[in-house]
Amino acid sequence: MTDESLVNGEEEQDLPEQIAIRLAKRERLIESGAEAYPVSLSITHTIDEVKAKYPDLEIDVATGDKVALAGRVMFQRNTGKLCFATLQAGSGARIQVMLSMDKVGESNLEHYKELVDLGDHLFVSGEVITSKRGELSVLADSWKIAAKTIRPLPNLHNELGEEYRVRHRYVDLIVRDRAREVVQIRAKVMQSMRKTFTDRTYIEVETPMLQTIHGGASARPFKTHSNAFDTELFLRIAPELFLKRAVVGGIDRVYEINRNFRNEGADRTHSPEFAMLEAYEAYGDYNTMAKLTQDLIQNAAMDVFGTLKVELEEGEISDLSGEWDRISMFESLSQASGVEITPETDISVLKKLADKEGLEIDHPLHGKYVEELWEHFVKANLQKPTFVMDFPVDTSPLVRNHRSKPGVVEKWDLYIRGYEQATGYSELVDPVIQRERFVEQVKLAAAGDPEAMKLDEEFLKALEFGMPPSGGMGMGIDRLLMTLTGLGIRETIMFPLVK
RNA sequence: GCGCCUCUAGCUCAAUCGGCAGAGCAACUGACUCUUAAUCAGUGGGUUCCGGGUUCGAUUCCCGGGGGGCGCACCA
């Protein structure tokens, strides 16, 4: 496979046959006085506009309407004196063009047959007609190459291999409707979410991706180095600690949609860089944020699909309607395991239960056992959207203690079809307790936990200026696209990382 | 990070118990003024991922490396 660009002086005889032939056609085109890549074309209509204008003409009609349009040649059917081509717009819309010897002349038609390949961008001007078979067509009186294609398109009658699709997404977008559709869906989901936020007077901000201390989540970071400051920097694992600074500064309703980076495993549901939404609302709490999250997702489904019963890839229907269930982590775990588990349950009991279930958990924290056991017993059964409420304290260092239940924090995770979709907190705003929580994390790090949080003095200083009581939420955008489409994460990201 | 599987023409895939590497589409030459994956006749195109080993002979078997997939681990 020739993976390098052709510009680097590859010898012609080393090139694959089809590429050499197309390069030669490009030369011939230029020698004939035409352009292979003209700077502008006098287009009067898009393919979609012509199709919209003539939705149902009779067979063999000449409209008298002259148009000039361009598109990529997807199919060619050349006969002796009458040639057919199917042009495709970026939208995926297709229209047939016809070139007859009568209209364009003999030498012009010969040039067309000689120089125009599948995949080329072609410009034609002519009359809108329907063919004798009734196909809406442009009967050309002139044509031009709009852009010469040097590499052949893949054949359109087999599905592309998974690897080829990801490495050549631009080709995938040309040949596969669903690939284009997913890009559209993603854009519409973003639009919908921004509208939901705007309607609630939220302000969108952008906070640093390069950070001197990474924080806001438990994960291993990517490291880099600043030459100017001669210092180690981290790509952010979360924007949380900066968005909270914004709330301290009086940006009372704030959100950010941007990339996070985590130096961890990649699989069907994880990508090293992924799009994250985080939102904070002063004078809100985790209930406020649960409602917001439900609205964000339900509005997106309605705006994009017009329904809350979303059809997924394999035809499965995902029902996102109604008020979503809320269950307690400790209660649902106790119920599913048949063992009463509370924040006071001795860790030895949890260890015994984990052993019995064949779980290998090697972690000093009580809460880690609770979460692992909960995932084991409960998680897979959560197909309907469900908020799992009230998490252990020791695994949630940025969340405030529950207002009435001892030993837990006001945190929920939203699960949809067994996947963690979003998380929400009543934020910890007490700088004294926050410092204590950070100190606990530092101890964990010293004990060898590579994902423990760092103590961030600048963030604590901000809290010391007074952060109002607030709710916060975070949601993986790629995950949301997966939830709404049933696709894997690499299909929801246009250009996922490939080695 | 560990285990299993996989890599053949531009694309999608065959084949070889180790013996001239094939098809469809695409390409090339020719025919065709209503085609729809046009059709018909003919032709060319391969570092079988890379390096080494075994062998008279390796695309096939063995070893090492690389890319990809799946499972496990970690995480969202």
Side-chain angles (χ1 to χ4, degrees), chain A residues 1-3 13-22 24-25 59-60 74-86 94-104 106 109 113-114 117-119 129-137 139 149-168 171-172 175 217-221 237-238 260-278 359-363 371-372 375 413-415 419-423 449-451 474-480 482-483 488-490 498-499:
Chain A
M1 187 193 288
T2 311
D3 270 323
Q13 61 263 31
D14 293 340
L15 290 172
E17 178 196 33
Q18 297 194 44
I19 291 177
I21 287 167
R22 282 161 178 253
K25 287 183 180 180
I59 288 176
D60 205 9
M74 300 303 283
F75 297 105
Q76 278 182 306
R77 299 171 291 280
N78 292 347
T79 68
K81 293 172 185 144
L82 179 64
C83 297
F84 301 85
T86 304
R94 291 178 176 179
I95 195 166
Q96 175 167 276
V97 299
M98 296 165 63
L99 297 98
S100 75
M101 193 181 284
D102 291 348
K103 290 283 177 190
V104 300
E106 186 171 356
L109 191 65
K113 285 199 264 189
E114 184 191 339
D117 288 310
L118 283 181
I129 64 159
T130 52
S131 70
K132 288 178 183 166
R133 293 283 150 79
E135 177 93 16
L136 183 66
S137 308
L139 180 60
T149 299
I150 299 308
R151 293 184 185 263
L153 288 179
N155 90 66
L156 302 177
H157 319 304
N158 295 101
E159 290 206 346
L160 287 175
E162 160 89 20
E163 186 178 2
Y164 190 94
R165 286 212 312 254
V166 171
R167 286 188 188 274
H168 306 83
V171 176
D172 189 32
V175 303
S218 299
R220 297 175 208 205
I237 58 174
N260 287 347
F261 306 85
R262 296 187 187 174
N263 206 344
E264 285 162 350
D267 58 31
R268 195 181 160 74
T269 62
H270 298 84
S271 169
E273 60 174 307
F274 61 102
M276 186 79 179
L277 159 67
E278 284 199 16
L359 299 176
E360 286 176 28
I361 307 168
D362 182 26
H363 204 275
E371 290 185 10
E372 293 279 341
E375 285 188 16
D413 273 0
L414 170 63
Y415 280 81
Y419 289 118
E420 188 181 341
Q421 177 65 66
T423 189
D449 185 343
E451 287 163 12
M475 176 159 66
I477 300 294
D478 318 286
R479 279 280 174 89
L480 176 59
M482 292 166 66
T483 296
I489 200 166
R490 280 185 313 280
V498 278
K499 229 170 150 183

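Everything numeric here is computed off the predicted structure, so don't read it as measured data. Values reported hereafter were calculated over all heavy atoms of this structure, with side chains retained and with hydrogens, waters and symmetry mates removed. Just so we're on the same page: letters track the sequence lines, and every chain starts at 1.
Closest approach to the A/Asn155 side chain among B/C32, B/C75, B/C25 is made by B/C25 (side chain taken as heavy atoms from C-beta onward). Nearest to the side-chain atoms of A/His270 among the listed nucleotides B/A76, B/C34, B/A27 stands B/A76. Relative to the side chain of A/Ile21, the nucleotides B/C75, B/A26, B/C28 differ in distance, and B/C28 lies closest. Checked against B/C25, B/G69, B/C11, the side chain of A/Arg490 finds its nearest nucleotide in B/G69. In the set B/A76, B/U36, B/U33, B/U33 carries the atom at the smallest distance from any side-chain atom of A/Ser100. Ranking B/A27, B/C34, B/C70 by closeness to the A/Ser131 side chain, first place goes to B/C34. Checked against B/U33, B/A76, B/U36, the side chain of A/Ile489 finds its nearest nucleotide in B/A76. Closest to the side chain of A/Leu118, from the set B/G68, B/G24, B/A26, is B/A26. Considering only side-chain atoms of A/Lys499, the nucleotide from B/C74, B/G68, B/U33 that sits closest is B/G68.
Residues A/Leu118 and A/Gln76 meet the side-chain proximity criterion, which asks for heavy atoms closer than 4.5 Å.
Contacts of A/Ser137 classified as side-chain contact (heavy atoms from CB on, under 4.5 Å), with partners at least two apart in sequence or in another chain: A/Gln96, A/Met98, A/Ile129, A/Ser131, A/Glu135.
Comparing B/A23 with B/G42, their P atoms are spaced 13 Å from each other, to the whole Å. Comparing the C1' positions of B/C49 and B/U8 gives a spacing of 10 Å, expressed to the nearest Å. B/C50 and B/A9 are spaced 11 Å apart, taking the P atom of each and rounding to whole Å. Taking atom C1' on both nucleotides, B/U48 is separated from B/U6 by 14 Å, rounded to a whole Å.
Checking the phosphate oxygens (OP1, OP2) of B/U33, a side-chain nitrogen or oxygen of A/Lys81 falls inside 4.0 Å. When the side-chain nitrogen and oxygen atoms of A/Lys25 are compared with OP1 and OP2 of B/C28, one or more of them lie within a distance under 4.0 Å. In terms of phosphate contacts, A/Arg268 brings no side-chain nitrogen or oxygen within less than 4.0 Å of OP1 or OP2 of B/G71.
For the pair A/Arg22 and A/Thr149, the tightest heavy-atom approach, listed with the atom from each and the gap, is NH1-O, 3.1 Å.
A donor and an acceptor atom sit less than 3.5 Å apart, one in the side chain of A/Glu135 and one in the base of B/U36. Taking only distance into account, the side chain of A/Gln18 meets the base of B/A26 through a donor-acceptor pair shorter than 3.5 Å.
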Canonical and wobble pairing (Watson-Crick, G-U, under 3.5 Å) of RNA chain B, dot-bracket with |: (((((((..((((.....[..)))).(((((.......))))).....(((((..]....))))))))))))....
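Per the stacking criterion (ring centres < 5.5 Å, plane angle < 30°), A/Phe274 stacks onto the base of B/A76.
Put simply, NZ on A/Lys103 and CG on A/Leu139 are 5.5 Å apart, with the number rounded to the nearest 0.5 Å.
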